[in-house]
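These notes are about the structure you will find just below.
Treat the numbers as computed from the prediction; the structure is a model and nothing was measured.
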Amino acid sequence: MEPLKGRVAVVTGGSRGVGRAVALVLGAAGATVYLTGRSRRGGSSILPGTIDDTRDEIVADGGQAIAVECDHSSDESTRALFARVEAEQGRLDLLVNSALGSRFDRTPELYGDGGFWTQPLDVWDDYHDVGVRSYYVASALAVPLLLRSDRAAIVNLGSAAADGYILGTAYGVSKAAVSRLSADMAHELRAHGVASIEVRPGMQITERAIMHEHDFAPDWKDRAQSPRLTGLAVRQIYAEEDLGARSGQVMKVAEVVRRYGLS
């Protein structure tokens, strides 16, 4: 039996990129997916993809999805999201934190070689407000609903930037914080039967990465991962017989894919 069939999942940042891919995989596996983001059809984002597009793709494939416009820099917007999940579902089984604050789509020069002292100071806020604090807030608001599930997990999407320099100081510190957040939440949640797991994708072929591919090596796509692999890894981890044993761990997508032969 598919462990996700009939489950309720929230995926933040579901308009595009890794969040979109995770939502699609979970929807195909039978979960009812609430996917969040700010990009709506007819909006002004210069990047392709909206929460409406992701929802429609899940539904067209026979799944169940609800697109919820949510600004994860706003506590009240996030609170309204989980109030809706409670009202409509009464519980939550899986939260996937994927929303990322970034100005890369507005100021591409931040992908360049300039040091942190050459960048606007609020670059720090972009990454830490939506990407660290938003993970914390969503998790805190989700836990009361997760406690009603017999199989509950929080998955925080991380990055190798937690361990080494990638994409600048502000980004790296935010990803190190996500890693510590995941571990410390696991410590506090263990007695309550809710798993907290960091899932680490490698370099991803996303809409944003393609927009800035002129900054990468010519062969970058040969070394990068399809975001779908992250979705498959999240599905596999949730399906593990002893999900609780994974709590507090850092699960690298490449290793999960290789171990289980996912494709």
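- Between F82 and L92, some side-chain heavy-atom pair lies under the 4.5 Å cut-off.
- Annotation: cation-pi geometry not satisfied between R84 and Y34 (NZ/CZ under 6.0 angstrom from ring centroid, within 45° of ring axis).
- Residues H72 and R133 have side chains not in contact (no heavy-atom distance under 4.5 Å, counting atoms from C-beta outward).
- Between Q119 and W124, every side-chain heavy-atom pair lies at or beyond the 4.5 Å cut-off.
- Within the 4.5 Å cutoff, the side chain of L100 has no heavy atoms near those of the V130 side chain.
- The number of heavy atoms from other shown groups lying within 6.0 Å of OH (Y260) is above 12.
- Note that CG of L81 and OG of S74 are 11.0 Å apart. Values are rounded to the nearest 0.5 Å.
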Begin with the C-alpha distance, continue with both residues' side-chain angles, and end with the deciding distance and a verdict on side chain to side chain contact (heavy atoms under 4.5 Å, CB included) for R148 and E86.
CA-CA 10 Å; R148 302 175 189 177; E86 180 175 28; 2.7 Å; yes
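- Taking the side chain as every heavy atom from C-beta outward, I51 and T36 never approach each other to under 4.5 Å.
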Which side-chain N or O atoms in residues 57-66 pair as donor and acceptor under 3.5 Å with protein atoms at least two apart or in another chain?
{"unit_1": "E57", "atom_1": "OE1", "unit_2": "R20", "atom_2": "NH2", "d": "2.6"}

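- Taking the side chain as every heavy atom from C-beta outward, V25 and R228 approach each other to under 4.5 Å.
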Show me the side-chain donor-acceptor pairs of residues 188-197 shorter than 3.5 Å, one per line, residues at least two apart or across chains.
{"unit_1": "R190", "atom_1": "NH2", "unit_2": "S247", "atom_2": "O", "d": "3.2"}
{"unit_1": "S196", "atom_1": "OG", "unit_2": "S182", "atom_2": "O", "d": "2.8"}

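- Here CG of L146 is found 8.5 Å from OG of S139. Values are rounded to the nearest 0.5 Å.
- Using a 4.5 Å cut-off on side-chain heavy atoms (C-beta onward), Q89 and T32 make contact.
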